[in-house]
Amino acid sequence: MTAPLLEIDDLAISYKVGDHDQRVVHGVSFRVDRGEVVALVGESGSGKTTTAQAVLGLLAGNGRIEQGAIRLNGIDIAHWPQKRFDTIRGAVVALIPQDPGSSLNPVRTIGAQVAEVLQIHGRGDRRAIRTRTLDLLTRVGLLPAEMRADQYPHELSGGMKQRVLIAIAVALNPDLIVADEPTSALDVTVQRVILDLIDELRRENGTAVLLVTHDLGVAADRANRLVVLQGGRIQEQGAVKDVLAAPQSAYTRRLLSDAPSLTKVRPARRAPGSGEDFAIVVERLTHDFPVGGTAKRFRAVDDVSFKVCRGTTHAIVGESGSGKTTTIRGVVGFLKPTAGRIRIDGEDMTTLKGEALRRFRRNIQLVYQNPFGSLDPRQTISQIVEEPLLNFAPPPKAERAKKVADMLHRVGLPETFLGRHPRALSGGQRQRVAIARALVLDPRVLVLDEAVSALDVTVQAQILALLDELQKALGLTYLFVSHDLAVVQQISDTVSVMYKGRQVDGGPVDTVFARPNSDYTRELIDAIPGRKAPMLALSTASVRG
Amino acid sequence: MTSETHGESGAPDIAAIEAAQPGWLVRLRRVPLTLALAWLVVFIVLLWAVAPGLFTSYSGTVGVPGEQLRPPSLEHMLGTDGLGRDLYARIVYGAVHSLSGAFVAVTVGLLSGTLLGLIAGARGGWTDAAIMRLVDSMLAVPSLLLSLSIIVLLGFGTVEVAIAVGAVSVARFARLARSEVIRVRHSDYVEAAFGSGGTFWAVLWRHILPNSLTSVIALAALQFGSAILAISTLGFLGYGAPPPTPEWGLLIAEGRNYLSRAWWLTAASGFVVVLVVLAADRISKAIGKTTP
Amino acid sequence: MIRYLIGRVGQALLVLMVTFSAAFLLLQALPGDAIMIKFMSPDMALSADQIAEIRSAYGADLPIWERYFRTLANFLTGNFGYSIQAGVPVSQQLQVNLPPTLQLASLGFLTAIILTITIAALSNVVGMGWLRAAIQSMPSLFISVPVFWLGIMLIQVFSFQLGLVSVISPGPVERLILPVLTLAIPISAPMSQILMRNIDEVLAQPFVAVAKAKGASHTWVLWRHVVRNAVLPMLTIAGVLFGELLAGAVVTEAVYGLNGLGGLTNQAVGNHDTAVLQAIVVISALAFVSINLVVDLLYPVLDPRLGTKLSMTA
């Protein structure tokens, strides 16, 4: 037996913050064998990215390896100077980065950036490098390669940019590729294609991959072995099959039960309301935007109709550019549609304006995707939750304070939070505040715009549970916008699938998932990561209960 | 269920927050040395302006015959000028002229500029276009030339110079205030405030104004330094307060006549200007960093 | 693209028109005019009729809007009126005074660029913490120094104390050394501040990490990835820098007693010679607007991102 390709032994890494060292990786040990895919799974702050950066010698300036070894082909590289790292980076270890959008130099052509890795390591003269560059572009499916080579990054879509970065990573046939969340910035259908491409190339060349991901579904689909990290410590590691079938640590069990894509048993939903009691009725909604000062118009939403029964959840699913955001901005009254009607509780939103629209807003509230941007950083939590009350014949001060405190309790936050500012809260806590603000006016409809997409899966599960509980207690109607089919399947009663501004599928969730009407919906369902994973042994109920 | 999940995810966060919010004494100790020095400089110069008599027993305008052009000594900390006036006393008594001038200039720029920018950013459309073209035109003329043009209109003098310098900064304040207003206006929390039924004025008062002001105040601190520079420049060129006013720019100009014999006259007065401007620059940077 | 071009040129012309009108209003319409100052003085001993005659010769007795359009038409044909004080056409005065100022300004600008590059390069190469901090705080110091004081101090140190540069009878090159330095140091301050900030921002970009992951050395990354991305945005402050240069030249000329636009401006202000001042204001605005226009039109050529964005929207 030869040494493993990569062996990480009792690694500890700290960052210098102010005048003290903060340790973020505590004694992590694992190995990657030749040709193997090992997934480093964890939520934000788990130290997974830091560990991956250390393998490439790319720790941030204030980062430092405190102890342990990183052995590549048996040689400890943990304390190598940067100059020495330059000889192996690109050639022996390569990187596929997280955000393709900003990972390519905007002022240099695609071809130049692929060729660069060959130039740095002196692989051939100009002509040989050009030929090899075109081969690589062809191999990752960027065709015609000659044209693509002369394009600039902004002329390519996110998926195409990630293909370029993959071409760069495989250019010198490295032994190990570190893929740091390679698809988290991409749409789910693109994600699948990109992961397939990485899979294919690594099989071809026998390359090992260290796959860093927050998505257990992706890890389950693509890896041979899993390393589960939490707070800089390994919770569990082993073959994917074993970990999924019989997780040893409580954290892994929670992660598994909270990952919507791996949860095969979903809580029973109410049957869609039988009566004609619709809280939201959208009829033939169409929305055009002018294009750059010309007479041309771009149709963002095209003839979309759906109805939502009171007390149920309707989901709008789609990838970027599908028109889902435009649709709900019309529903909450921020955009006037070009054509069509939107009725909330029988009232036609599209005809309201000025003071009447302002008064009507208390019936329908919006929760935003980014809890960091939707709360005013200068207000305290109590001011944030109280503000909507001030807009409509405010009750006396004491009554308001009581209402705010009640609402905070309702969303599961302690009263001690009242005087704090948003910056002192975590993402999940902020989202709870945003929900409290939305509910303080007792609205009938709550619109949730990707409201859990920015959160870690365990936090996401908590917020989804909270939403479920509030719906039952208050009889709320939800309009839930998401790109994540797995989440939608878990929490909604009815669904509209949108693609390029059109509604391509719609109806009860079970029906749509079991018998999709359109190829696009089918593709979307197939692309949900984690579907290849073996059935989980444990049920959601046993963990949640 | 919710309180339970909160217990799990919330507890460590709260602990971390409590640890990160130290008492005022600890926070005071964390103020960088350079920032503390900058505030000290501003504080001392302010005291000079308010109560110059506390700092020197000499007069700022009347010289002592026979004491001309003395080098720095225990008696005359910074020496004396060509008319036998104590230079240190002149700098102390001059503070009020330079500071009040800069104060007037910044007030003029801050008030009218911010108002213009606020209106432009909040109203948009034609109002915005008209105001911004006006602002563009003001920026198109080099600041010194613009100041000089206004001085030609208003005449020479301390207040006139202050207003001329302030008018130049109107365009800068307007541009910054407008872009801040637009930035804040596009944030989710402002939309959420409208979405929860807020009226335009309520949202302007509760969210847009407080969140746009930080950078405007940082610019005000920076402009305070620039105004002192500009006022001393105009004073040097002879458009400000007439002699024997101990205005700092004038002190430098007067010292120039004795450069070969008493170089410290010019050096010391200029050094004070540099210190005050540096302090304003440092404070401005510190304000700019305090984004909540 | 054509649409953008027309819009951009139109905007530039509009700004120029507003500047011209404001300058006219400020300098010619409102103040007590220069003719009064010069000819009312008792030394002249002119009668009221004679003054009225002079006024009508200068066009000062016409209604304001007529004067406005006359002046505008004159400016468009390159006629900037007469200097009341000197009694010669303003354009003639400009012909004499513009070249030395332009020479001083361009030499100052070049020196400022050299200073900027030196400071930015040093702050990225020097390893020692305190030295690096000292280099990085230099722009803040430079920006806080009054130009005129800097000039005087340079004379004091280099001429009087060290005797390196002669002030009595300097050669043509020697004569310019100190003024150019005086002008360059304050101008280099904002330039190096912006350049250093840009470099730091680019270094934090993910594409720099990708380049390092390819095996590129620090120098390789700096030259092939950072420089262009950091320098390009500097073009946008070219117009403002020009204004600062001109203002700096006015002061520098005053300190060193050099002939040029500075001297002309100072005389004009002192004598309320508003025609001269208005010509200088309008010409510098024209230069500012042209520089910005050129930068705006050039930028899409240099930055591929903007190039396509424009052709897509046009």
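Numbers restart at 1 for each chain; the letters A, B, ... are given by sequence-line order, proteins then strands.
B:M138 approaches B:L146 most closely through the heavy-atom pair O-CD2, 3.7 Å. Minimum heavy-atom separation, B:L139 to B:R172: CD2-CG, 4.4 Å.
With a 4.5 Å cut-off on non-hydrogen atoms, C:V255 touches chain B through its backbone and its side chain both. Contacts of B:L237 with chain C are made by side-chain atoms alone, with heavy-atom separations under 4.5 Å and no backbone atom involved. With a 4.5 Å cut-off on non-hydrogen atoms, C:L141 touches chain B through its backbone and its side chain both. Contact annotation for C:A254: both backbone and side-chain heavy atoms come within less than 4.5 Å of a heavy atom of chain B. B:S143 touches chain C through its side chain: at least one heavy atom from C-beta onward sits under 4.5 Å away, while N, CA, C and O do not. Using a 4.5 Å cut-off between heavy atoms, C:L246 contacts chain B through its side chain alone, with no backbone atom that close. Interface residue C:V250: only side-chain heavy atoms are found under 4.5 Å from chain B. Within the 4.5 angstrom heavy-atom criterion, no atom of C:Q278 approaches chain B. Interface residue C:V269: backbone and side-chain heavy atoms are both found under 4.5 Å from chain B. Looking at B:D281, only its side chain comes within 4.5 Å of chain C, counting heavy atoms on both sides.
Across C:A22, C:G270, C:S284, the residue that shares the most heavy-atom pairs under 4.5 angstrom with chain B is C:S284. Per-residue counts of heavy-atom pairs under 4.5 Å with chain C were compared for B:L144, B:D136, B:L148, B:L278; the largest is that of B:L278. For the set C:T265, C:V289, C:N266, the count of heavy-atom pairs under 4.5 angstrom toward chain B peaks at C:N266.
Of the candidates B:V274, B:V45, B:V273, B:V273 is the only one forming a side chain to side chain contact (heavy atoms under 4.5 Å, CB included) with B:I228.
Here the side chains of B:P32 and B:L35 are in contact, with some heavy-atom distance below 4.5 Å.
Side chains of C:T236 and C:Y299: no donor on one and acceptor on the other come within 3.5 Å. Counting only N and O atoms by type, the side chains of B:R256 and B:T266 include no donor and acceptor under 3.5 Å apart. With no hydrogens or angles considered, no side-chain donor-acceptor pair links B:S232 and B:E247 at under 3.5 Å.
Between atom CZ of residue C:F288 and atom CG of residue C:L16 there is a gap of 10.5 Å, rounded to the nearest 0.5 Å.
With ring centers used as reference points, C:Y68 lies under 6.0 Å from C:F20.
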